[in-house]
There are 2 protein chains.
Amino acid sequence: MKTVTLNDVSRAAGVSRSTASLVLRGSPKIPETTAERVRLAMTELGYVYNRHAANMRRSESMTLGLIVTDIRNPYFAGLTMTIEEAAHTAGYTLLVGYSRDDVERQSLQLETMVQQQVDGILLLPATGSELNAVCGIIDRSSVPVLQVARYFSEELDYVGPDNIAAGQQLARHVSSLGAASAVLIGGPERSSARTERIEGLETGFTGSGVVFDSSLSAAATTNNAAGGSEGVARVLDQGIWPDCIIAYSDAVAIGIYAELRRRNLEPGRDISVASFDDIAMAELLLPPLTSVSTYPELIGHQAAELLLNRIRDPSLRPQRSLVEPALKIRASTAQWRPRT
Amino acid sequence: MKTVTLNDVSRAAGVSRSTASLVLRGSPKIPETTAERVRLAMTELGYVYNRHAANMRRSESMTLGLIVTDIRNPYFAGLTMTIEEAAHTAGYTLLVGYSRDDVERQSLQLETMVQQQVDGILLLPATGSELNAVCGIIDRSSVPVLQVARYFSEELDYVGPDNIAAGQQLARHVSSLGAASAVLIGGPERSSARTERIEGLETGFTGSGVVFDSSLSAAATTNNAAGGSEGVARVLDQGIWPDCIIAYSDAVAIGIYAELRRRNLEPGRDISVASFDDIAMAELLLPPLTSVSTYPELIGHQAAELLLNRIRDPSLRPQRSLVEPALKIRASTAQWRPRT
DNA sequence: GATTTCCATTAGATCGGTCTACCAAAGGTC
DNA sequence: GACCTTTGGTAGACCGATCTAATGGAAATC
């Protein structure tokens with residue numbers, strides 16, 4: 001079965017290929033009578049527009065690339081879906097890759113996307129991304145790259161939560177409960193997001209009397225439930241029993257709940273737990289989890305907008321956009337009281 | 001900044017464009033000395049391969065399309081990630097769309113993907129998909145489409161769990177507990193997966209004495225936590241108090257837990273809860289959730305394999321591949337005993 | 001009536017690769 | 001020396017759109 005091209009259509013409609021092309025794009029130069037005739041020929045022959053051919057000539061592709069680490073974390077899933085939605089409404093298709101937080105894999109995916117002529121890339125950088133690792137590919141092609149949720153370079157656009165504010169909000173809440181000590185558990189050790197959250201927590205705790213330690217479980221923990229369990233185990237096995245455990249993310253907090261219970265400790269009663277992200281699950285857990293909402297939908301939407309702007313005008317200076325977080329207080333901390 | 005083409009490279013290396021092209025594809029006809037010279041010119045000029053141009057000539061695109069309903073359901077997230085992985089290792093890039101279980105949106109995404117010249121499409125059909133809604137686009141382009149996890153047509157390939165077996169396993173387990181009544185809650189009403197699960201449950205319950213009702217909450221419930229809460233509310237508000245609630249999926253079960261507790265009923269003690277999918281969360285819930293694992297990784301992997309086979313040989317007859325499920329018994333049903 | 005403007009339409013180059021068909025020179029065979 | 005084969009390489013058509021510059025004819029202007 002031969003594919004139907006614009007040539008076939010134009011021949012059937014008795015016009016030139018150029019005319020058919022103009023009809024396709026709804027040019028006002030073609031009178032309705034002719035246009036109708038061409039459109040009829042299209043449906044009759046079962047014509048399918050070949051975007052690749054068009055894009056080749058126009059040297060754009062109407063596709064965006066999106067690389068995220070892992071969508072089994074609902075936070076990233078929500079982010080991804082919003083970005084897809086924004087891209088689609090702007091007429092773009094989305095090429096996705098999951099780096100699984102592996103720089104090597106991420107490089108390959110960047111390379112592929114560039115070869116596929118994407119018009120822009122949204123990158124949620126794998127931990128350990130550095131400019132020179134990513135740069136070569138980006139430089140060679142001059143594709144605009146926007147960093148989402150984490151960043152490693154000041155020279156590229158960035159959209160993410162205001163992690164410092166988020167940390168501060170959480171710290172103030174925890175100290176207002178009267179806790180004496182808190183630890184941070186989980187999260188990708190060298191990511192900007194983690195560093196900023198720690199910074200926020202530290203400044204938020206200053207002068208409050210709460211002893212805060214972010215170093216207890218940092219190494220080798222990951223941004224999922226397993227990382228949470230492992231982190232709790234490591235802390236408690238050191239004989240440390242903080243008043244409040246702060247999880248790097250809700251995904252981590254879920255593992256923290258599980259590990260606490262394995263040790264017959266009830267979250268929210270024996271140890272408070274609080275977290276970042278506020279995924280839908282947070283509210284449905286028992287006890288409901290106190291979490292700082294970082295609004296992935298907003299971030300995704302803004303990221304897509306900003307990238308599309310840059311595609312239109314590549315000369316813009318690098319931009320940073322921070323989304324304001326909001327603390328959601330729930331039973332996992334609200335019921336806290338000093339041990340007797 | 002002008003883009004560097006094969007022409008530029010060949011000129012710099014003092015060979016013809018044809019030779020450069022052959023080097024690119026590692027042809028054995030070109031001796032290593034020449035190849036090296038060409039490769040040097042490539043890196044020196046910062047050449048980036050233009051896949052679109054190549055694909056245009058070869059009339060393939062090395063991209064696959066994937067349309068799923070919603071990846072905030074971890075089951076679909078896992079499925080999606082496996083498919084991406086399989087596609088990437090086979091050298092394909094993935095174009096994704098999230099239908100949000102909306103047929104209209106799904107049609108648009110199919111259309112776009114076909115225009116983008118994808119070599120094949122993996123479709124997790126939105127509920128209400130019918131052949132004629134999808135067919136037009138598919139027919140016109142003759143792109144191979146494979147159905148994942150749900151199906152609506154016997155003429156297209158299908159890979160999914162053996163839902164009937166899954167239902168039977170669950171039914172037998174529930175009846176072995178001595179339950180007298182069970183209801184099914186949640187799930188997309190007209191999907192093949194739900195119909196099959198009900199069929200499996202019904203045959204599994206036959207002769208066991210367990211009264212099973214799947215009609216109580218069917219209408220208008222969805223495949224997520226909200227659907228679960230709503231479903232439980234509707235059932236209990238009718239004055240029905242089953243011994244066991246069977247959730248369409250783990251995502252639904254999470255909402256069921258929440259709604260039961262809102263009514264001061266403890267899942268696994270006052271009412272047993274069991275479910276399908278066995279996402280990672282199932283084990284971490286309190287009480288851990290009995291669920292039939294349907295192995296999204298296996299399904300995703302097989303789906304990608306099968307689609308790639310069909311792309312290689314489009315003349316194959318439509319294939320069906322069912323993945324065997326496995327029941328994971330946990331505390332949400334294990335602790336069940338008759339009310340006194 | 002001559003010239004200009006406008007309208008509808010088109011021929012042909014172009015995007016950046018791949019592929020077919022062909023060629024020139026070197027080496028081998030009788 | 002004539003003929004065949006192998007090696008290394010190339011010219012130019014081609015994929016299916018878009019876009020520029022041009023054209024023929026009708027209407028409008030002087």
Side-chain angles (χ1 to χ4, degrees), chain A residues 1-39 41-42 45-63 112 114-119 140-143, chain B residues 1-39 41-42 45-63 112 114-119 140-141:
Chain A
M1 189 163 76
K2 189 78 177 37
T3 60
V4 181
T5 78
L6 256 197
N7 244 327
D8 305 326
V9 170
S10 61
R11 209 174 305 126
V15 297
S16 75
R17 189 174 65 251
S18 313
T19 308
S21 175
L22 288 171
V23 171
L24 216 46
R25 284 169 290 152
S27 161
K29 307 186 83 176
I30 309 294
E32 194 48 39
T33 55
T34 314
E36 197 46 54
R37 199 152 36 99
V38 173
R39 276 193 285 265
M42 284 180 180
L45 298 176
Y47 171 72
V48 184
Y49 185 61
N50 186 332
R51 205 164 254 289
H52 274 189
N55 294 155
M56 165 118 124
R57 182 65 231 265
R58 311 180 70 180
S59 54
E60 61 175 18
S61 72
M62 298 308 282
T63 54
T112 315
V114 167
Q115 290 185 352
Q116 290 275 9
Q117 309 295 112
V118 291
D119 293 333
R140 289 215 304 285
S141 63
S142 69
V143 166
Chain B
M1 187 164 73
K2 190 76 176 39
T3 61
V4 181
T5 78
L6 258 197
N7 244 326
D8 305 327
V9 170
S10 62
R11 208 174 307 128
V15 295
S16 75
R17 187 172 69 250
S18 313
T19 306
S21 175
L22 288 171
V23 171
L24 215 46
R25 286 169 290 153
S27 160
K29 305 188 82 174
I30 308 296
E32 195 46 39
T33 55
T34 314
E36 198 46 56
R37 197 151 38 97
V38 173
R39 276 194 284 268
M42 285 182 179
L45 297 176
Y47 169 74
V48 183
Y49 185 61
N50 184 333
R51 207 163 252 289
H52 275 190
N55 295 155
M56 167 119 120
R57 182 66 230 264
R58 312 179 71 180
S59 53
E60 60 174 19
S61 72
M62 297 308 282
T63 54
T112 315
V114 167
Q115 291 185 353
Q116 290 274 8
Q117 310 295 111
V118 291
D119 294 334
R140 290 214 306 286
S141 63

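Sequence lines set the chain letters: A, B, ... in the order given, protein chains first and strands last, and positions in each chain run from 1.
Following rounding to the nearest Å, A:His52 (NE2) and D:dA17 (P) show an atom-to-atom distance of 12 Å. D:dG9 atom P lies 12 Å from atom CD of B:Glu32, rounded to whole Å. Spacing between atom CG of A:Asn55 and atom C1' of C:dC15 amounts to 11 Å, rounded to whole angstrom units. When the P atom of D:dT18 is taken as reference, atom CG of A:Asn50 falls 10 Å away, rounded to whole Å. Per the geometry, CG belonging to A:Leu22 stands 15 Å off P belonging to C:dC7, to the nearest Å. If you take CE of B:Met42 and P of C:dG16, they are 15 Å apart, rounded to a whole angstrom. A:Met56 places its CE atom 11 Å from the P atom of C:dT18, with the value rounded to the nearest Å. Residue A:Gln116 contributes atom CD, which lies 14 Å from atom C1' of C:dG17 at whole-angstrom precision.
The side chain of A:Lys29 sits closest to C:dT9 out of C:dT9, D:dA17, C:dG16. Among the nucleotides C:dG17, D:dT10, D:dT18, the one closest to the side chain of B:Leu6 is C:dG17.
Put simply, the side chain of A:Thr34 and the base of C:dA8 share no donor and acceptor less than 3.5 Å apart. Side-chain atoms of B:Arg17 and base atoms of C:dT18 include a donor and an acceptor less than 3.5 Å apart.
Between B:Thr19 and the phosphate of D:dG8, there is no side-chain N or O to OP1/OP2 separation shorter than 4.0 Å. Between A:Arg25 and the phosphate of D:dC19, there is a side-chain N or O to OP1/OP2 separation shorter than 4.0 Å. Using a 4.0 Å cut-off, some side-chain N or O of B:Ser21 falls inside it from OP1 or OP2 of C:dT18. Regarding contacts with the backbone of D:dC15, every side-chain N or O of B:Arg58 stays at 4.0 angstrom or more from both OP1 and OP2.
Side-chain contact between B:Ile30 and B:Thr19 is present, with at least one heavy-atom pair separated by less than 4.5 Å. Side-chain contact between A:Val9 and A:Leu45 is present, with heavy atoms from C-beta onward closer than 4.5 Å.
Between A:Ala53 and B:Ser18, the one whose closest nucleotide on DNA chain C sits nearer the 5' end is A:Ala53. Taking for each of B:Ser16 and A:Asn7 the nucleotide of DNA chain D with the nearest heavy atom, the 5'-most of the two is the partner of B:Ser16.
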task = Begin from the C-alpha positions of A:Thr63 and A:Gln117 and carry the test side-chain contact (heavy atoms from CB on, under 4.5 Å) through to its verdict.
result = CA-CA 8 Å; A:Thr63 54; A:Gln117 309 295 112; over 6 Å; no
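Backbone-only engagement by A:Thr5 is indicated by non-hydrogen atom pairs under 4.0 Å involving sugar-phosphate atoms exclusively. Residue-level contact check: A:Ala54 touches the backbone only, with heavy atoms under 4.0 Å from sugar-phosphate atoms and none from bases.
Distance check, rounded to the nearest 0.5 Å: CG of A:Leu6 to CE of A:Met42 gives 5.5 Å.
At its two ends the helix from C:dG1-D:dC30 to C:dC30-D:dG1 runs along axes set 50° apart, each axis drawn from five pairs and the angle rounded to 10°.
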